[in-house]
Amino acid sequence: MTVQSKHESELSGKSMLSYLSPRVREIQPSGIRKFFDLASGSKDIITLGVGEPDFITPWHVREACVYSLERGYTSYTSNAGTPELREAIAEYLHNGFELTYDPNDEILVTVGGSEAIDLALRALIEPGDEILVPAPCYISYSPISFIGGGIPIEIGTYAEDNFKLKAEHLQAGITPKSKVLILNYPSNPTGGIMTYEDWLPIAKIVEEHDLIVISDEIYAELTYGAKHVSFASLPGMKDRTILVNGFSKAFAMTGWRMGYACGHPELIYAMLKIHQYTVMCAPIMGQVAALEALKNGLEEKDQMVESYNQRRRLIVQGLRDIGLSCHEPQGAFYAFPGIASTGLSSDEFAQRLLMEAKVAAVPGTAFGAGGEGFLRCSYATSVNQINEALDRMGQFVHKLKQG
C-alpha cells in the first residue's frame with residue numbers, strides 16, 4: 001500500500017479497529033507487560049518480576065541442538081513430535097509422577113506450554129461455555145477462554161487457605177453451563193500447591209458435574225518439602241484431564257518454546273488437528289534439545305530446584321522482616337506478599353516501588369481481581385539481587401509507614 005492510499009483509507013471515515021473481532025478489541029493487554037513498559041529504559045532496576053529462570057540452559061543441551069544442526073536436522077517432524085521425544089516424555093512422567101501415557105496417541109509436543117493450553121481450550125469450547133478459573137492465576141487463561149467464545153468464571157483462592165482451591169468455593173461457582181476447569185498447581189503467582197488429600201474433594205466435584213480439566217503443571221518439578229501430585233493421577237481423573245507441562249521452568253529452557261500435552265486419545269487428536277493447521281510441528285532442533293534434557297539433564301534440574309529453595313526461604317523471611325505478610329509458597333518460584341497494610345493498592349505500590357526504590361515486581365491485580373492487596377515477587381534471580389531488592393523494599397515500606 002502506498003503512503004497516499006494508506007492515507008486515503010484512513011480518511012474514508014472507517015476506523016481500522018472496526019475490522020477487528022469484537023472479542024479481540026475487548027481483551028486487555030497483559031498486565032505484566034503493560035507494567036514493565038514503565039521500567040523500560042530505567043537504570044539500576046532490580047527485577048523480581050519476570051517468571052524466567054536466571055540459569056542458562058545447560059551446555060550439553062545446547063550442544064545437542066548445535067550438533068543436530070551440523071548433521072542437517074532442519075526438517076519437519078511428525079505433527080505430534082518425534083517418537084523419541086514422546087517416548088522420553090512418557091518415561092519421565094511415569095518415573096517422576098506415576099502417570100502412564102501412550103506416546104503414540106496420548107502425547108502431543110507443542111510450541112511451549114502456552115500453545116498446549118490454547119489448543120486445549122480451542123478444542124473444547126463452544127460459545128457460551130463457562131470456564132472455571134481458580135484465581136489469582138496465570139494471566140492467559142481467561143483471555144484465551146474469552147477469545148474462544150467461552151465465559152471465564154473466577155473461583156477465589158485465599159491466603160488464609162495457602163491459596164489452595166477449596167471444594168466449597170468451586171461448588172459455588174458451578175452452573176449448568178460449566179464445562180472446563182483450569183488448574184495451575186504449583187501456582188503462578190501464589191506458589192500454592194495441592195496435596196492428594198486436597199485434590200480428592202475437587203475430583204469428586206469434577207466427576208459429579210461432568211467437567212473436563214486442563215491441568216497446567218509447568219511448575220510440577222519446582223516443589224519444596226512435598227512431592228507434586230498431578231490431578232491426572234487421581235482415581236478416574238486421567239481421561240478427564242488434559243495435562244500440560246514443558247521445559248521452560250524446571251529445565252531453564254524458556255526461549256526454546258518446548259511444551260507438551262497429555263490426555264485421552266480423542267482429546268489429543270482434536271488438539272493435533274488444530275496444531276497441524278497452525279504451527280505444523282514444534283521445531284526439530286528444540287525437540288532434540290528437549291530429548292537431551294530428559295535423558296541427561298535431571299541432575300542439573302535438581303540442582304536448580306535446590307537453589308530456588310534456598311532463595312525461597314531467603315525472600316519469604318526477608319519480606320516478613322520488613323513488615324509484609326507472606327504465606328509460605330511451597331511451589332514454583334514466586335512469593336506473593338500482602339501489601340494492604342501499607343494503605344496502597346497493588347498498582348500504586350508496584351508503581352511507587354519501581355519509581356522510588358528501583359525494584360520491579362508485578363501488582364497482584366495482573367492475575368485477576370483476587371490479586372488486589374498482593375504483589376508477585378519472583379525469586380528466580382540471584383541471592384545478591386534478592387538481598388539488594390529486600391533492602392530497598394524495606395526502606396520503601398519504612399518510609400510509607402512514616403507517612
Side-chain angles (χ1 to χ4, degrees), residues 51 53 55 88-101 106-107 113 116 134 137-138 157 161-167 181-204 206 213-238 240-253 259-263 290 293-316 327-336 378-380:
F55 297 104
I89 290 170
E91 181 180 0
Y92 176 71
L93 292 175
H94 181 74
N95 293 339
F97 305 105
E98 301 176 4
L99 296 168
T100 301
Y101 289 102
E106 293 185 324
I107 297 177
C137 65
Y138 177 54
T157 64
D161 300 320
N162 290 317
F163 294 102
K164 295 176 183 286
L165 175 60
K166 306 300 285 186
L181 170 63
I182 300 180
L183 301 173
N184 175 215
Y185 287 95
S187 167
N188 171 14
T190 69
I193 67 168
M194 296 281 283
T195 66
Y196 187 87
E197 290 72 24
D198 293 329
W199 279 136
L200 286 173
I202 304 301
K204 183 179 179 182
V206 166
V213 173
I214 300 172
S215 185
D216 180 359
E217 301 181 21
I218 193 68
Y219 296 99
E221 294 85 349
L222 304 182
T223 57
Y224 315 102
K227 184 177 179 181
H228 172 69
V229 178
S230 173
F231 187 77
S233 70
L234 273 289
M237 291 300 108
K238 179 188 171 185
R240 289 187 175 275
T241 302
I242 298 174
L243 168 67
V244 173
N245 204 331
F247 297 83
S248 291
K249 310 300 182 179
F251 292 92
M253 294 178 66
Y260 55 88
C262 307
L294 289 179
K295 291 293 186 181
N296 300 304
L298 301 186
E299 183 176 344
E300 287 148 316
K301 171 187 69 70
D302 291 341
Q303 291 171 354
M304 287 187 277
V305 172
E306 179 53 36
S307 179
Y308 291 137
N309 193 19
Q310 294 171 3
R311 302 174 192 186
R312 176 183 71 99
R313 294 193 292 263
L314 172 65
I315 197 169
V316 170
H327 89 104
E328 182 178 354
Q330 293 182 295
F333 41 52
Y334 308 104
F336 203 57
S378 170
Y379 50 86

Looking at [X] and [Y], would you say the former's side chain and the latter's main chain have a donor-acceptor pair under 3.5 Å?
X      : Y      : answer
Tyr224 : Ala332 : yes
Lys238 : Thr100 : yes
Lys249 : Gly51  : yes
His327 : Gly191 : no
Asn245 : Glu217 : yes
Asp198 : Thr195 : yes

For the residue pair [X] and [Y], establish whether any side-chain heavy-atom pair is separated by less than 4.5 Å.
X      : Y      : answer
Leu93  : Leu243 : yes
Leu183 : Thr241 : no
Tyr379 : Leu314 : no
Met237 : Val206 : yes
Phe333 : Met304 : no

(request) Decide, yes or no, whether a salt bridge links Arg312 with Glu328 under the criterion of side-chain N to carboxylate O below 4.0 Å. (result) yes

(request) State, to 0.1 Å, how close Tyr185 and Phe163 come at their nearest heavy-atom pair, and which atoms those are. (result) OH-O, 2.9 Å

(request) Assess the side chains of Tyr101 and Tyr260: does a donor N or O sit below 3.5 Å from an acceptor N or O? (result) no

(message) If only side-chain N and O atoms count, and only distance matters, is there a donor-acceptor pair under 3.5 Å linking Ser187 with Asn184?
(response) no

(request) Kindly indicate, with the supporting measurements, whether the criterion side-chain contact (heavy atoms from CB on, under 4.5 Å) is fulfilled by Leu200 and Leu234. (result) CA-CA 7 Å; Leu200 286 173; Leu234 273 289; 3.5 Å; yes

(message) Which residues pass the ring pair (Phe, Tyr, Trp, His ring centres under 6.0 Å) test with Phe231, not counting sequence neighbours?
(response) Trp199

(message) Can you tell me how the ring of His228 sits relative to the ring of Phe97, calling it parallel under 30°, perpendicular over 60° and tilted otherwise?
(response) perpendicular

